[in-house]
Amino acid sequence: MGMTIAEKILARASGRDHVSPDEVVVAKVDVAMSHENADVVRKSFLEIGVEKVWDPGRIVIIFDHRVPAESERTATTHKAVREFIKAQGINNFYDVGKGGICHQVLPEKGHIYPGAVVVGTDSHTTTHGAFGAFALGIGATEMAGVWTEGELWFKVPHTIKIVCNGELNTGISAKDLVLYIIGKIKADGADYRAVEFMGSTIDNMSIASRMVLCNLSMEMGAKVSFTPVDKKLIEYLDQTRKDTNYDHSLRADDDAVYEKEIIIDVALEIKEPQIACPHSVDNVKNLSELGELKIHQGVIGSCTNGRLEDLAAAAAILKNKKVHEDVRLIIIPASQEVYLEALKAGYIQTFIEAGAMINPSGCGPCVGVHQGILAAGEICISSTNRNFLGRMGSKDSYVYLASPSVVAASAITGALTNPLNIN
């Protein structure tokens, strides 16, 4: 019997020839990532009593959730982590102004590759399945154990195959596709499952768009997710990694066993932008179903949709337009590298001339801590990944999730708008 991608990676990492769903294995970790919550990991690690981390070269720490520090408390946390990093000799550290959002920085800086076991103290670590990695979020205590021993136990997940065929309709993006899928199978539809996205639609997507699918797969409960390891991905990795010692042809065996197969004809099934309505990501509706929905704020950015292609899509809509007088539009490049490329392309000038504010590369309002949180009664249309109650500020505010194009179009009109209706 053949193996799925998840099974192949866990078999290698645990030193076995074959694994099956529901088996428990102890696997060696290739990359361990934390952001500011490295301080919580640090405290747990110190309680264990081990003097040195297992391998400082495999630990990556990226400040992104509260950058620059918005309070004395955060500044103190940052300071403690910096001191720990120096004491441990951890060189893969991306401080304020030197990186950006963790899930963007990891692949940009060449830390991710096919077949790697990647753990991160952030739930959207699933993003790195777009690079063929078995990547998942874990807790701070688990991460302290990884820092100590370099391995972790896993239950081998069952795998769901999601086959997407056809060409996306005009105005429809990867964000619309994954929101449609989440709305279809719901928040627990892939609970503790691996998901393999495949089909002609996925083959034709950019790496950035594939990252959107894997990023949001955890919002349907997925433990890990994958898009194809193909020529397009290898070309990306050739630009970001010096080490080419990884599986260039990682794929599931032809006789791999899947728990379920979902087939989607994207052109037929997704004819207009998809919107995740408050207060859950699986509460997905067609844009036209929501009528005249006035907004107070728009956000374009996050680990889901803050990459260059997202900013390009927004800039194309905002060019020579103005943000509505009743709307605040916040734009956050996912990394310093993306920020610089957007500057070179003229997107940042377009945004500023339209009346948008550019925030530092980081998570900002997505996690509701600073740089654009909402007041009671306010409505935000956002390209971020979660719209839970109180996610972006007041528990009496409302967050709708959409593609960057929808956010940009809505910021111009002051109400939820299909980008195809902007001349």
Reported [atom1]-to-[atom2] distance for the pair [X] and [Y], which is rounded to 0.5 angstrom:
X      : Y      : atom1 : atom2 : value
Leu308 : Ser206 : CG    : OG    : 10.5 Å
Asp95  : Ile62  : CG    : CD1   : 11.5 Å
Glu36  : Asp39  : CD    : CG    : 10.0 Å
Lys260 : Ile185 : NZ    : CD1   : 6.5 Å
His124 : Cys366 : NE2   : SG    : 7.5 Å
Leu416 : Leu287 : CG    : CG    : 4.0 Å

What residues, two or more places apart in sequence or in another chain, satisfy ring pair (Phe, Tyr, Trp, His ring centres under 6.0 Å) together with [X]?
X      : result
His111 : Tyr94
Tyr236 : Phe131
Phe134 : Phe154
His65  : His35

Is any side-chain heavy atom of [X] less than 4.5 Å from a side-chain heavy atom of [Y]?
X      : Y      : result
Ile264 : Asn165 : no
Thr350 : Leu311 : no
Met3   : His18  : yes
Val407 : Leu329 : yes
Leu233 : Ile207 : yes
Pro278 : Tyr400 : yes
Glu7   : Val156 : yes
Thr244 : Tyr113 : no

Considering only NZ, NE, NH1 and NH2 on the basic side and carboxylate oxygens on the acidic side, decide whether Lys186 and Asp188 come within less than 4.0 Å.
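The answer is no: the pair does not qualify as a salt bridge.
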So, does [X] use its side chain to make a donor-acceptor pair with the main chain of [Y] at under 3.5 Å?
X      : Y      : result
Ser383 : Gly301 : yes
Gln297 : Arg328 : no
Asn418 : Leu420 : yes
Asn91  : Gly57  : no
Asp30  : Val118 : no
Thr201 : Gly166 : yes
Glu149 : Trp147 : no
Glu219 : Leu216 : no
Lys175 : Thr384 : yes
Asn385 : Asn215 : no

Set of side-chain contact (heavy atoms from CB on, under 4.5 Å) partners for [X], sequence neighbours left out:
X      : value
Val327 : Ile295, Val323, His324, Ala411
Lys184 : Tyr180, Ile262, Glu269
Thr74  : Arg66, Ala69, Glu70, Ser71, His78
Asn204 : none

I would like to know whether Thr125 and His128 meet side chain to side chain contact (heavy atoms under 4.5 Å, CB included); could you show each step before the answer?
CA-CA 6 Å; Thr125 302; His128 308 294; 4.0 Å; yes
Is it the case that [X] and [Y] place a side-chain donor and acceptor less than 3.5 Å from each other?
X      : Y      : answer
Ser225 : Thr126 : no
Glu309 : Ser209 : yes
Ser382 : Arg391 : no
Asp282 : Ser280 : yes

Report, as yes or no, whether the 6.0 Å neighbourhood of atom [atom1] on [X] holds more than 12 heavy atoms from other residues, nucleotides or ligands.
X      : atom1 : value
Asn421 : CG    : yes
Lys232 : NZ    : yes
Lys294 : NZ    : no
Asn245 : CG    : no

Verify the ring-centre separation between Tyr192 and His158: is it less than 6.0 angstrom?
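Judged by ring-centre distance (under 6.0 Å), His158 and Tyr192 do not meet the cut-off.
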Check side chain to side chain donor-acceptor pair (under 3.5 Å) between [X] and all other residues, then give those that pass, not counting sequence neighbours.
X      : answer
Asp230 : Arg210
Lys8   : Asp253
Asp176 : Ser173

Given side chain to side chain contact (heavy atoms under 4.5 Å, CB included), test Val163 with Glu261 step by step and report yes or no.
CA-CA 7 Å; Val163 183; Glu261 181 174 344; 3.9 Å; yes
Glu341 and Lys344: salt bridge (charged side-chain N to carboxylate O under 4.0 Å, His left out), yes or no, with the steps?
CA-CA 5 Å; Glu341 291 301 313; Lys344 292 176 180 177; 3.6 Å; yes
Between Phe226 and Glu196, does the side chain to side chain contact (heavy atoms under 4.5 Å, CB included) criterion hold? Intermediate values first, please.
CA-CA 5 Å; Phe226 303 94; Glu196 290 185 21; 4.3 Å; yes
Which pairs pass side chain to side chain donor-acceptor pair (under 3.5 Å) with one or both residues in residues 405-416, sequence neighbours excluded?
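Output for this query lists Thr413-Thr417.
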Parallel, tilted or perpendicular: which fits the ring planes of Phe45 and Phe84, with parallel below 30° and perpendicular above 60°?
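Ring orientation, 0 to 90° scale: perpendicular.
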Should the ring pair Phe351 and Tyr347 be called parallel, tilted or perpendicular, given that the plane angle runs from 0 to 90° and is split at 30 and 60?
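Tilted, since the angle between the ring planes falls between 30° and 60°.
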Residues Val229, His248; criterion side chain to side chain contact (heavy atoms under 4.5 Å, CB included); working and verdict
CA-CA 7 Å; Val229 175; His248 289 63; 5.8 Å; no
